[in-house]
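Input: a single structure, listed below in structure tokens.
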Amino acid sequence: MSFQKTVTLSSGAIIPQIGLGTWLSKPKEVEHSVEYAVKNGYRHLDLAKIYENQDEVGEALKKVIPSVVKREELFITSKLWNSGHSTREVAEAELDSTLKELGLEYLDLYLIHWPVAFVPGEGLVPLLKENEVKLDLETSLVDTWKIMIELKATGKVKNIGVSNFTVEYIQAITDATGVVPVANQIEAHPYLPQDDLVKYAKEKNIHITAYSPLGNNLVGKPKLTEHEKVIAVANKLGATTAQVLVAWGVYRGYSVIPKSVQEERIVSNFKQVELSKEDYETISSIGHNNHVRFNIPYNYSPHWEINIFDEPSEKVAKNRVKI
């Protein structure tokens with residue numbers, strides 16, 4: 001079992017730097033992958049209501065708690081979905097549903113999944129028309145953050161944070177409530193280092209968790225795991241390209257949640273390698289004048305008619321995030 005590096009959150013909670021992501025995992029795969037991961041040393045699991053597989057994660061947790069680990073040895077994150085933003089009652093019902101699916105009494109970290117509200121009461125993805133979701137343009141981020149603060153007071157979540165938030169959004173909810181999120185989960189990889197956001201987070205003692213640390217192949221760019229610079233560093237270190245990309249994130253001080261459902265890869269991703277400053281800079285150079293954000297909801301199908309990040313493809317959206 002690999003030695004696991006950890007990071008201490010502003011609340012004093014300790015989060016392992018490498019976790020298991022469960023986004024886009026197919027049915028039955030998740031149950032096995034979570035079980036494999038915990039048996040092979042993972043203690044940080046990243047989940048979400050919208051992944052629609054938390055019941056499977058719950059089945060896996062029954063197999064490993066307490067036979068492999070105690071509950072308090074795991075750091076489990078889930079997220080409030082967009083349709084849960086509007087009221088305390090709606091949000092708490094979703095949280096209770098998540099806890100029930102997982103068979104848990106509390107979450108270590110609960111995040112606002114996106115800075116976007118959907119109309120509640122019409123399912124997870126309410127449709128305005130065939131290829132467009134129905135947005136709730138009345139509920140603001142500050143409204144939802146106040147609800148998250150109330151949820152933390154119930155004891156059902158130990159820490160609260162955000163996901164896919166920009167500096168502007170974080171500053172707004174902090175200014176309005178005086179409560180700083182302990183974490184912001186963002187897409188981050190060498191094509192999208194998010195340097196300004198990472199710098200701001202360090203200044204405010206907000207922990208960054210990076211999803212899609214290996215990038216992906218949704219946009220026709222070379223896969224990061226097949227990039228010649230990543231391959232060169234991997235060969236030099238006797239590591240896999242995935243291990244190098246995970247190490248790049250760890251070098252930057254945040255936690256990283258690669259997703260895999262294959263036991264061999266789950267084990268491999270967990271074996272931490274150390275990058276030298278030179279190797280780190282080699283990998284970082286991939287993103288110079290080569291910006292790519294893979295996860296933009298305006299481009300989804302059904303699409304979200306909203307500009308979240310001000311990326312070129314979103315600028316035509318009719319709506320902006322309500323702060």
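Because only heavy atoms are used, hydrogens play no part in the values below, and waters and symmetry mates are left out as well, while side chains stay in.
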side-chain contact (heavy atoms from CB on, under 4.5 Å) between V230 and I286, worked out: CA-CA 9 Å; V230 180; I286 292 169; 3.5 Å; yes
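- Side-chain contact between L61 and V57: present, with at least one pair of heavy atoms (C-beta onward) separated by less than 4.5 Å.
- For the atom pair CE of M148 and CG of N159, the computed distance is 10.5 Å after rounding to the nearest 0.5 Å.
- Scanning both residues, W81 and L124, for their nearest heavy atoms gives NE1-O, 2.7 Å.
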Stepwise side chain to side chain donor-acceptor pair (under 3.5 Å) check, S276 with D279: CA-CA 5 Å; S276 65; D279 293 335; 3.2 Å; yes
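- Neither side chain, Y169 nor N164, offers a donor N or O lying under 3.5 Å from an acceptor on the other.
- There is a path of hydrophobic side-chain contacts, each under 4.5 Å, that joins V256 to V162.
- Although no hydrogens or angles enter the test, the distance criterion places a donor-acceptor pair under 3.5 Å between the side chain of E56 and the main chain of K28.
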Output, in order, the C-alpha distance, side-chain angles, deciding distance and verdict of side-chain contact (heavy atoms from CB on, under 4.5 Å) for K70 and I65. CA-CA 6 Å; K70 297 174 184 171; I65 301 172; over 6 Å; no
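- Under the 3.5 Å distance criterion, the side-chain polar atoms of E73 are left unmatched by any main-chain donor or acceptor of R43.
- Within a 6.0 Å sphere centred on CD of E72, other residues, nucleotides and ligands contribute more than 12 heavy atoms.
- For the pair V244 and A234, the tightest heavy-atom approach, listed with the atom from each and the gap, is CG2-CA, 3.6 Å.
- At least one test fails for R293 against the ring of Y191: distance under 6.0 Å to the centre or angle within 45° of the axis.
- In the hydrophobic clustering of ILVMFWY residues, with side-chain heavy atoms under 4.5 Å counting as a link, I257 and V7 come out apart.
- Looking at T6 and F75, their side chains never come closer than 4.5 Å, going by heavy atoms from C-beta outward.
- Counting all heavy atoms, side chain and backbone alike, T166 lies closest to L197 at C-CD1, 4.1 Å.
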Does the side-chain contact (heavy atoms from CB on, under 4.5 Å) test come out yes or no for D55 and L102, once each step is laid out? CA-CA 6 Å; D55 53 340; L102 297 173; over 6 Å; no
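- Partner of R320 under the side-chain contact (heavy atoms from CB on, under 4.5 Å) criterion, chosen from D310, L137, I306: D310.
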CA sep, side-chain torsions, deciding dist, call: I18, V246, side-chain contact (heavy atoms from CB on, under 4.5 Å): CA-CA 8 Å; I18 298 181; V246 169; 3.6 Å; yes
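- Environment of NZ in K100: sparse, with no more than 12 heavy atoms of neighbouring residues, nucleotides or ligands closer than 6.0 Å.
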Applying side chain to side chain donor-acceptor pair (under 3.5 Å), run through S284 and W248 and close with a yes or a no. CA-CA 8 Å; S284 296; W248 180 84; 3.0 Å; yes
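- Listed by first and then second residue, the salt bridge (Lys or Arg N to Asp or Glu O under 4.0 Å) pairs involving residues 106-124 are R71-D108, E122-K134 (not counting sequence neighbours).
- More than 12 heavy atoms of other residues, nucleotides or ligands lie within 6.0 Å of CG in N131, so this atom counts as buried by the packing criterion.
- Listed by chain and number, the hydrophobic cluster partners of I14 come to none, as no ILVMFWY side chain reaches under 4.5 Å of it.
- Contact of the K79 side chain with the Y51 side chain is registered, since non-hydrogen atoms from C-beta on lie closer than 4.5 Å.
- Closest heavy-atom contact between V90 and G84: CG1-CA, 3.7 Å.
- Going from atom CH2 of W145 over to atom CD1 of I149 covers 6.0 Å, rounded to the nearest 0.5 Å.
- Under a 3.5 Å cut-off, the side chain of T241 and the backbone N or O of T225 do form a donor-acceptor pair.
- Screening residues 138-155 for salt bridge (Lys or Arg N to Asp or Glu O under 4.0 Å) gives R88-E150 as the qualifying pairs, with residues at least two apart or on separate chains.
- Annotation: side chain of K49 is in contact with side chain of E101 (closest heavy-atom distance under 4.5 Å).
- Ion pair R252/D195 flagged as a salt bridge, since at least one NZ, NE, NH1 or NH2 atom sits closer than 4.0 Å to an Asp/Glu carboxylate oxygen.
- Remark: K156 engages E92 in a salt bridge, criterion side-chain N to carboxylate O under 4.0 Å.
- Within the 4.5 Å cutoff, the side chain of P302 has heavy atoms near those of the L127 side chain.
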For S212 and H189, what are the C-alpha separation, side-chain angles and deciding distance, and is it a side chain to side chain donor-acceptor pair (under 3.5 Å)? CA-CA 7 Å; S212 296; H189 43 73; over 6 Å; no
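- For residues 203-215, the salt bridge (Lys or Arg N to Asp or Glu O under 4.0 Å) pairs, not counting sequence neighbours, are K199-E203.
- E187 contributes no side-chain N or O that, together with a main-chain N or O of A210, makes up a donor-acceptor pair within less than 3.5 Å.
- Checked against salt bridge (charged side-chain N to carboxylate O under 4.0 Å, His left out), K277 has the following partners two or more places apart in sequence or in another chain: E281.
- L9 and Y211 fall into different hydrophobic clusters, where Ile, Leu, Val, Met, Phe, Trp and Tyr are joined by side-chain heavy atoms under 4.5 Å apart, directly or via other members.
- Taking the side chain as every heavy atom from C-beta outward, L80 and E94 approach each other to under 4.5 Å.
- The closest side-chain donor-acceptor pair between D136 and T139 falls under 3.5 angstrom.
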Could you walk me through whether N184 and Y254 pass side chain to side chain donor-acceptor pair (under 3.5 Å), step by step? CA-CA 10 Å; N184 184 20; Y254 42 67; over 6 Å; no
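- To the nearest 0.5 Å, atom CG of residue L237 and atom CG of residue L275 are 6.5 Å apart.
- A side-chain donor-acceptor contact under 3.5 Å links Q54 and S78.
- Residues E274 and Y251 have side chains that never bring a donor and an acceptor to within less than 3.5 angstrom of each other.
- Pairing each heavy atom of P213 with each of P190, the nearest pair is O-CD, 4.4 Å.
- The cluster map of Ile, Leu, Val, Met, Phe, Trp and Tyr, joined by side-chain heavy atoms under 4.5 Å apart, puts V142 and W114 in the same cluster.
- The aromatic rings of W304 and F118 sit perpendicular, their planes meeting at an angle over 60°, well past the 30° parallel limit.
- Side-chain N/O atoms of S268 and Q243 include a donor and acceptor closer than 3.5 Å.
- Counting only N and O atoms by type, the side chains of K158 and Y110 include no donor and acceptor under 3.5 Å apart.
- Here the closest non-hydrogen pair linking G253 and Q17 is C-NE2, 3.7 Å.
- For E168, there are no salt bridge (charged side-chain N to carboxylate O under 4.0 Å, His left out) partners two or more places apart in sequence or in a different chain.
- Not one N or O on the side chain of S301 forms a donor-acceptor pair closer than 3.5 Å with the backbone of H303.
- Counting heavy atoms from C-beta outward, I76 and Y106 have side chains that stay 4.5 Å or more apart.
- Looking at heavy atoms from C-beta onward, I323 lies out of side-chain contact with S140 at the 4.5 angstrom threshold.
- Looking at H291 and E311, their side chains do bring a donor and an acceptor atom within 3.5 Å of each other.
- In this model, no donor atom of one side chain and acceptor atom of the other lie less than 3.5 Å apart for T77 and D46.
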